[in-house]
J.: 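I'd like to ask some things about the structure below.
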Number of protein chains: 2
Amino acid sequence: MDSVLKKKMDDFQAACRARDLKVTPQRMEIFRELAEAEDHPTAEKIHQRLSERLPSLSLDTVYRTLRTFAEMGLILRVETTDSQAYFEVSHAPHHHLICEKCKKIIDFQWQQMDEAQLPEEVRALGRFEKKNVVVYGICNRCLGK
Amino acid sequence: MDSVLKKKMDDFQAACRARDLKVTPQRMEIFRELAEAEDHPTAEKIHQRLSERLPSLSLDTVYRTLRTFAEMGLILRVETTDSQAYFEVSHAPHHHLICEKCKKIIDFQWQQMDEAQLPEEVRALGRFEKKNVVVYGICNRCLGK
DNA sequence: CTGTAAATAGGAATTGTTCCTATTTACGAA
DNA sequence: TTCGTAAATAGGAACAATTCCTATTTACAG
């Protein structure tokens with residue numbers, strides 16, 4: 001069956017060992033939840049979803065673990081104007097549409113953008129690499145289409 | 001002297017009237033502070049800076065006013081991973097570099113980007129217009145250059 | 001000037017996130 | 001397998017940013 005997920009989990013464990021991080025059930029479950037998620041859950045949401053399987057899971061653990069994963073480069077924090085952070089496992093580079101009405105976040109790819117070089121003057125200012133485009137607007141659903 | 005500022009203030013008052021918003025001293029001062037700011041102050045910072053001239057200014061008023069301005073399209077909320085929001089008056093369209101070390105925000109322009117069309121598939125998803133690029137990295141200063 | 005709806009001050013409440021610390025656990029070594 | 005230890009967790013307290021509540025004040029139309 002889901003050998004893709006299995007591979008992800010194996011890679012995840014390898015990534016942990018490579019950094020001398022213990023492979024705990026909490027970390028496994030949180031990573032799996034993110035790897036399987038279709039949406040961009042918040043820490044709170046992840047906690048909710050997992051609390052059935054891990055009833056004693058604390059919210060602090062979720063936050064701590066997400067930070068750890070982000071430091072490892074395993075996941076991405078999605079930028080938004082709102083205060084809450086959204087998370088996702090980093091797969092192919094992509095950007096985000098945010099509907100200003102329903103706040104839904106939609107991923108999209110934009111190769112032209114990924115390949116684009118920053119302007120000369122900007123490159124002179126430091127080592128800047130991770131380009132992240134956020135586009136705001138209204139999604140079709142909210143437009144009533 | 002600063003006729004540029006004067007014009008900005010006049011435009012500001014006009015913008016308020018156009019929306020039936022009262023021109024209060026608080027709104028004037030907050031707008032002026034932003035119009036003159038060289039950096040990207042937080043609400044708190046703005047409150048600090050103004051509390052000399054407006055000793056009774058409440059933090060809530062600053063937050064409320066900033067939200068109002070953002071709705072009016074007069075100012076922009078700068079996106080960051082951190083929770084605090086940064087504000088600036090919207091002048092020429094521009095994007096942001098964020099140094100992951102010192103958290104400094106540097107504006108830059110990128111016309112090619114502003115003019116770039118979103119991919120076809122993306123345009124089909126709704127009405128998305130405001131493109132905002134955030135580039136993360138390390139600034140020269142933090143690189144020790 | 002006056003009346004009224006809008007805006008403000010100040011403090012309380014909320015929300016997202018992090019800290020504290022006693023307890024538990026993963027896992028390398030014996 | 002068992003043990004020791006450093007790392008990780010749970011749970012609640014603390015914190016920081018932001019928003020809410022409401023009595024009071026104010027801009028401005030008439």
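Proteins come first, then strands; the chains are lettered A, B, ... in the order of their sequence lines, and each starts at number 1. Just so it is clear, the structure is predicted and the values come from calculations on it, not from any experiment.
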J.: Tell me the interatomic distance from Gln13(B), atom CD, to dA27(D), atom P, rounded to whole angstroms.
T.: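 To the nearest whole Å, that distance equals 12 Å.
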J.: Mind running salt bridge (charged side-chain N to carboxylate O under 4.0 Å, His left out) on Arg49(B) and Asp39(B) for me, showing each step along the way?
T.: CA-CA 13 Å; Arg49(B) 291 182 187 166; Asp39(B) 54 352; 2.7 Å; yes
J.: If each of Lys22(B) and Thr61(B) is mapped to the nucleotide of DNA chain C with the nearest heavy atom, which maps nearer the 5' terminus, i.e. the 5' end?
T.: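 Whichever sits nearer the 5' end wins; that is Lys22(B).
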J.: Using distance alone, with no hydrogens and no angle criterion, decide if Gln48(A) and Glu44(A) have a side-chain donor and acceptor under 3.5 Å apart.
T.: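 No, no side-chain donor-acceptor contact under 3.5 Å.
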J.: Taking only the side-chain nitrogens and oxygens of Tyr63(A), find out if one of them lies under 4.0 Å from OP1 or OP2 of dT18(C).
T.: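 Negative; the distance criterion is not met.
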J.: Treating Ile, Leu, Val, Met, Phe, Trp and Tyr as nodes and any side-chain heavy-atom pair under 4.5 angstrom as an edge, say whether Tyr136(A) and Leu118(B) lie in one connected cluster.
T.: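 The answer is no; the residues belong to distinct hydrophobic clusters.
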J.: What nitrogen or oxygen pairs link the protein and nucleotides 20-23 of chain C at under 3.5 Å?
T.:
{"unit_1": "dC20(C)", "atom_1": "N4", "unit_2": "Asp60(A)", "atom_2": "OD2", "d": "3.4"}

J.: Looking at residues 23-37 of chain A, who's got a heavy atom less than 4.0 Å off DNA chain D?
T.: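 Within this stretch, Thr24(A), Gln26(A), Arg27(A) sit under 4.0 Å of the strand.
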J.: For the residue pair Phe108(B) and His95(B), categorise the inter-ring angle as parallel (less than 30°), tilted (30 to 60°) or perpendicular (more than 60°).
T.: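 Correct class here is tilted.
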J.: Expressed in angstrom and rounded to an integer, what is the separation of Leu59(A) atom CG from dG11(D) atom P?
T.: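 The answer, rounded to whole Å, is 12 Å.
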J.: Rounded to the nearest angstrom, tell me the gap between atom CG in Leu21(B) and atom P in dA29(D).
T.: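 The answer, rounded to whole Å, is 13 Å.
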J.: What is the separation between atom CG on Leu54(A) and atom P on dT24(C), rounded to the nearest whole Å?
T.: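 Between P of dT24(C) and CG of Leu54(A): 17 Å.
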J.: Under a 4.5 Å side-chain heavy-atom rule over Ile, Leu, Val, Met, Phe, Trp and Tyr, are Val122(B) and Ile138(A) clustered together?
T.: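 They do not share one cluster, since no chain of ILVMFWY contacts under 4.5 Å joins Val122(B) to Ile138(A).
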J.: Under the salt bridge (charged side-chain N to carboxylate O under 4.0 Å, His left out) criterion, do Asp10(B) and Arg32(B) qualify, and how do the steps go?
T.: CA-CA 11 Å; Asp10(B) 288 349; Arg32(B) 182 143 74 89; over 6 Å; no
J.: Taking atom CG of Asn132(B) and atom NE2 of His94(B), what is their separation to the nearest 0.5 Å?
T.: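 If we round to the nearest 0.5 Å, Asn132(B):CG and His94(B):NE2 are 8.0 Å apart.
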J.: Of the nucleotides dA9(C), dT18(D), dA10(D), which one has an atom closest to the side chain of Ala43(B)?
T.: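 Of the options given, the side chain of Ala43(B) lies nearest dT18(D).
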J.: Between Ser58(A) and dA10(D), is there a side-chain N or O to OP1/OP2 distance below 4.0 Å?
T.: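 True: Ser58(A) side-chain N/O within range (under 4.0 Å) of dA10(D) OP1/OP2.
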J.: Would you mind reading off the distance between Arg67(B) atom CZ and dA17(D) atom P, rounded to a whole angstrom?
T.: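 Roughly 17 Å, once rounded to whole Å.
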J.: What is the distance, to the nearest angstrom, from the CD atom on Glu71(A) to the C1' atom on dT18(C)?
T.: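 Taking CD of Glu71(A) and C1' of dT18(C), I get 13 Å after rounding.
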J.: Transitively linked via ILVMFWY side-chain contacts under 4.5 Å: Phe12(A) with Leu50(A)?
T.: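 Same cluster.
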J.: Could you tell me the separation between the NE2 atom of His47(B) and the P atom of dG11(C), rounded to a whole number of Å?
T.: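 Between P of dG11(C) and NE2 of His47(B): 11 Å.
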J.: Given atom CG of Asp20(A) and atom P of dA29(C), what is their separation to the nearest angstrom?
T.: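 It works out to 11 Å between those atoms.
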J.: Among side-chain atoms of Thr68(B) and Thr65(B), is any donor-acceptor pair under 3.5 angstrom?
T.: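 On atom types as modelled, these side chains do not qualify, holding no pair under 3.5 Å.
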